[in-house]
Amino acid sequence: MERYPVLEFDLKKLYRNTSIVTKLCSSKGIKVAGIIKGFGGIVEGAEEMVKGGCYQIGSSRIEQLKSLKERGMDVPLLLVRIPMMCEIEDVVKYSDLCLVSEKETLNLLNKEALKQNKTYGIILMYDLGDLREGVFSLEELVDLAQYVEYKLENLYLEGVGSNLSCYGSVAPTRENLTLLARAAREIENKLNRKLNIVSGGGTTTLPLLVRDGVPKKINHLRIGEGINNTQDLPLYWDTNIEGLDPDVFVVKAQIIELNEKPTHPIGQLMVNAFGSLPHYDDKGVRKRAIVALGNQDVGDSSKIIPKDKDIIVLGASSDHTILDIHDCKTEYKLGDIIEFNVLYQAMLMTSLSDYINKKIIKY
Ligand SMILES: *Cc1c(COP(=O)(O)O)cnc(C)c1O
């Protein structure tokens, strides 16, 4: 008997989605770094993204890139979280380029690259207002670019990049990306050469790309979610890219209790398993099911979406998720399997959880 809960990872769907996104980007002069951190860096997934047209593979975690290097993956590996001082040796060993915003980090990378007898690639980050990583002033950015170019012999300035809609929820727009394009041009003028990479963000730049709003100078995007978790594009960004399959990842969980119960808890309400007091609608007595899957597995039960559209996720504790199945056409029985699409957080959590069985569907 199959063991549940299980996370199914469909490689063909990942491959197809990758091809669609890389072709779309390529038609607008943009190359794609495929980002694998959202699914825990599963190596087979990274390989499909390369087959599908990603010319670099990136992750925030050097451990994931190390696994790829050790498997002999030969596309450039990009570290997308600005490096910690304590990991500089691994960063230079297991990746080929990274995003950087600190001068001191650049010095350390240069020293380490010299030690390892390498030339290591740099993308300087420019903060366009989202207020996560990045140099805040243009002048400082241009100075830093010259510093890399002329003072740090074992580093090569690949280009500049920016990150949006991560901390500050700032949407990528023609206006803010034009600032990045201008910064790139200014640096090119100062260095008297072209930059290879002008990196205009991640998945959240795709909606602007589809609407032809990305300035020409932007030639690089770092995309994970828009390939492996495509339901976010219509859900949050009102963007449909034809042919993208939302079912690259599907979680399946088994029913362990079926019942009819009231919908409002009985007794004095205090706090739930996680110290908060949710709102409970009183809809009378309804049919419900508990599946053996919890917030320990998915992070937050509001980030999983039952494929049976008549099921409502009522909530979850660490190990139990409560589903309203009152209006379902299917007559569920104990032991039946419920399938869920996962949003980004749930994809991340389930792919990393030791309690979730992973089933990689090959083709
Ligand atoms: C995670 C990350 C990305 C990719 O994000 P997606 O939403 O998965 O496309 C790109 N750039 C940076 C700096 C990141 O940390």
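Heavy atoms only: backbone and side chains are in, while hydrogens, waters and symmetry mates are out. Ligands are counted one by one from 1 in listed order, and the atoms in each one are counted from 1 as well.
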Would you say the ring centers of Y120 and Y156 fall short of 6.0 Å from each other?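 For Y120 and Y156, the ring centres are not under 6.0 Å apart.
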What protein heavy atom sits nearest [atom], and how far away is it?
atom: atom 6 (P) of ligand 1; answer: T203 OG1, 3.5 Å
atom: atom 11 (N) of ligand 1; answer: R222 NE, 2.8 Å
atom: atom 7 (O) of ligand 1; answer: E225 OE1, 2.9 Å
atom: atom 12 (C) of ligand 1; answer: N163 OD1, 3.6 Å

Please check if any side-chain donor atom of [X] sits under 3.5 Å from a side-chain acceptor atom of [Y], or the reverse.
X: N107; Y: Y147; value: yes
X: E260; Y: H326; value: no
X: E140; Y: Y126; value: no

Between E133 and ligand 1, is there a nitrogen or oxygen pair with a distance under 3.5 Å?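 There is no such contact.
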Test of proximity, G224 against ligand 1: N or O pairs below 3.5 Å: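 Yes, at least one N or O pair falls under 3.5 Å.
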Using a 4.0 Å cutoff against the non-hydrogen atoms of [X], which atoms of ligand 1 qualify?
X: L99; answer: 13 (C)
X: I223; answer: 9 (O)
X: K37; answer: 1 (C), 2 (C), 3 (C), 14 (C), 15 (O)

R132, portion touching ligand 1 at heavy-atom distance under 4.0 Å: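 Only the side chain of R132 comes within reach of ligand 1.
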NZ/NE/NH1/NH2 to OD/OE distance under 4.0 Å, K13 and E8: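 No, K13 and E8 are not salt-bridged.
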Per the side-chain contact (heavy atoms from CB on, under 4.5 Å) rule, which among V135, T105, L155 passes with V100?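 The residue from V135, T105, L155 that satisfies side-chain contact (heavy atoms from CB on, under 4.5 Å) with V100 turns out to be T105.
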Once salt bridge (charged side-chain N to carboxylate O under 4.0 Å, His left out) is applied, do any residues pair with E225, and if so which ones, sequence neighbours excluded?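 Salt bridge (charged side-chain N to carboxylate O under 4.0 Å, His left out) list for E225, sorted by chain: empty.
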